[in-house]
Amino acid sequence: MASPSLARTARCLARCPIARRTTQASSSSSSSSSSRICSQRSYHSYDHPPPPGPFGDVDRSILAAAYKHVPEHGFSQRAIGLGARDAGYPDISSSILPDGQFSLIHYHLVAQRERLVETSRDLLKDDALASIDDKVAALTWERLIGNKDVIHRWQEALAIMAQPSHLPKSLAELAALSDDIWFLAGDKAVDPSWYAKRAALSMVYSSSELFMTNDRSPSFSETKKFLHRRLDEVQSVGGTLGSVGRWAGFTLNAGINVLRSKGVPI
């Protein structure tokens with residue numbers, strides 16, 4: 001019987017093209033190094049727990065309490081201070097958060113991604129979601145709706161996320177979200193399209209999220225239409241890396257221009 005570490009490595013290699021090619025290129029690589037490669041890429045498995053999250057117990061308790069103040073005070077030090085007090089810590093304890101305001105934004109991103117994983121099983125029971133593309137659309141929309149209570153504060157958050165010191169973590173969370181959505185939708189491909197699909201979905205999600213910050217339609221119906229138009233566009237370009245890259249560049253520039261037009265510093 002294979003050892004638990006070898007079994008984990010095999011599951012990693014099945015999901016992670018980077019780890020597969022690394023192992024193929026060097027047959028002398030140990031199973032532990034392959035596990036490390038994949039653990040950095042994804043936690044996807046149904047029979048072993050994910051690695052520890054980015055927040056300690058104290059941080060998480062403060063951020064969970066602070067998050068309740070975001071609709072009124074935004075992703076701010078004021079909200080964090082109030083959260084620390086609500087959690088039973090002195091106000092000064094908010095200074096233990098190394099990323100300040102971004103810690104609260106990061107908490108939102110992680111919490112909503114975890115929520116999506118938890119709700120996906122019930123969401124995907126819908127018989128109308130026959131194809132992987134249908135499931136990707138439904139999951140992406142479900143994640144966007146997770147922003148509804150803080151969407152009036154989200155342009156402020158985007159400006160903080162765009163700062164050079166926070167951009168790497170912001171992009172890493174976006175990549176993790178795209179990977180989660182494709183995985184939960186049942187995508188099993190480990191060919192070059194693995195990268196293209198995730199890059200495209202990241203841009204679709206980002207542009208839809210930005211659109212949502214200005215959407216005043218009932219239940220964000222215009223955002224839902226926008227999302228489906230962008231997904232249709234991605235499918236129509238044929239999924240090649242070059243086409244996705246050109247489309248993504250155009251979308252990113254358009255998003256930055258919208259933020260600037262609203263007076264958000266970029």
Side-chain angles (χ1 to χ4, degrees), residues 18 36-37 39-43 51-56 58-60 62-63 66-67 69-70 73-81 83-84 92-114 140 143-144 146-147 150-181 195-214 230 241-242 244-266:
I18 297 173
R36 285 196 300 272
I37 292 171
S39 65
Q40 293 169 0
R41 181 67 195 90
S42 175
Y43 61 77
F55 308 111
V58 173
D59 292 358
R60 184 175 283 272
I62 292 174
L63 291 169
Y67 188 65
H69 295 281
V70 169
H73 297 287
F75 294 89
S76 64
Q77 285 295 142
R78 172 65 173 162
I80 294 174
I92 195 172
S93 61
S94 63
S95 64
I96 70 172
L97 300 172
D99 292 328
Q101 294 169 265
F102 179 75
S103 296
L104 192 50
I105 299 169
H106 194 195
Y107 175 84
H108 169 77
L109 298 175
V110 172
Q112 289 301 323
R113 187 159 56 85
E114 291 174 347
T140 306
R143 173 58 189 87
L144 284 168
N147 285 349
V150 298
I151 197 64
H152 60 295
R153 296 290 188 175
W154 198 242
Q155 285 192 4
E156 305 166 17
L158 290 173
I160 296 170
M161 293 164 66
Q163 294 174 9
S165 59
H166 303 317
L167 194 56
K169 286 184 180 179
S170 301
L171 293 177
E173 268 303 315
L174 179 59
L177 173 63
S178 298
D179 192 21
D180 280 357
I181 289 173
Y195 301 98
K197 287 183 292 190
R198 281 152 179 78
L201 181 58
S202 293
M203 295 310 304
V204 167
Y205 178 82
S206 296
S207 59
S208 299
E209 188 178 62
L210 182 61
F211 184 93
M212 190 176 179
T213 63
N214 291 309
R230 299 292 82 80
L241 281 170
V244 170
R246 289 192 294 273
W247 179 87
F250 171 79
T251 304
L252 179 61
N253 287 333
I256 290 174
N257 288 336
V258 169
L259 286 177
R260 284 173 174 164
S261 72
K262 298 295 181 180
V264 177
I266 297 294

TODO: Of all the heavy-atom pairs spanning Ile80 and Ile62, show the shortest one and how long it is.
DONE: O-CG2, 4.1 Å
Task: Residue pair His106, Phe55: steps toward the side-chain contact (heavy atoms from CB on, under 4.5 Å) verdict - done: CA-CA 10 Å; His106 194 195; Phe55 308 111; 3.9 Å; yes
TODO: Could you tell me the separation between the CG atom of Leu210 and the CG atom of Leu158, rounded to the nearest 0.5 Å?
DONE: 6.5 Å
- [ ] List for me each residue that meets side chain to side chain donor-acceptor pair (under 3.5 Å) alongside Ser178, sequence neighbours excluded, and say none if there are none.
- [x] Ser202
- [ ] Working to the nearest 0.5 Å, report the span between CG of Leu104 and NE2 of His69.
- [x] 10.5 Å
Open item on the list: Which residues pass the salt bridge (charged side-chain N to carboxylate O under 4.0 Å, His left out) test with Arg143, not counting sequence neighbours?
Closed with: none
TODO: May I ask you to test the Leu63-Arg60 pair for a side-chain heavy-atom distance under 4.5 Å?
DONE: no
Task: Minimal non-hydrogen separation, Leu97 against Ser103, with atom names - done: CB-OG, 3.8 Å
Task: Residues which pass ring pair (Phe, Tyr, Trp, His ring centres under 6.0 Å) with His108, listed by chain and number, not counting sequence neighbours - done: Tyr67, Trp154
Task: Flag for Asn147-Glu209: side-chain donor and acceptor within less than 3.5 Å - done: yes
Open item on the list: Using modelled atom types and a 3.5 Å cut-off, is there a donor and acceptor pairing between side-chain atoms of Gln101 and backbone atoms of Phe75?
Closed with: yes
Task: Nearest heavy-atom neighbours spanning Ala162 and Leu167 - done: CA-CD1, 4.3 Å
Open item on the list: Tell me every residue that passes salt bridge (charged side-chain N to carboxylate O under 4.0 Å, His left out) with Glu173, counting only those two or more places apart in sequence or in another chain.
Closed with: Arg113
Task: Audit row: Ser170, Phe102, side-chain contact (heavy atoms from CB on, under 4.5 Å) steps and yes/no - done: CA-CA 9 Å; Ser170 301; Phe102 179 75; 3.3 Å; yes
Open item on the list: Going by the rule side-chain contact (heavy atoms from CB on, under 4.5 Å), which residues pair with Ser206 if we only count those two or more places apart in sequence or in a different chain?
Closed with: Leu174
TODO: Taking the side chain as every heavy atom from C-beta outward, state whether Leu109 and Met161 have any pair of such atoms under 4.5 Å apart.
DONE: yes
- [ ] Over all heavy atoms of both residues, which pair between Glu156 and His152 is shortest? Give the atoms and the distance, please.
- [x] OE2-O, 4.5 Å
Task: Residue pairs fulfilling salt bridge (charged side-chain N to carboxylate O under 4.0 Å, His left out) with at least one residue in residues 95-107, sequence neighbours excluded - done: Asp99-Lys169
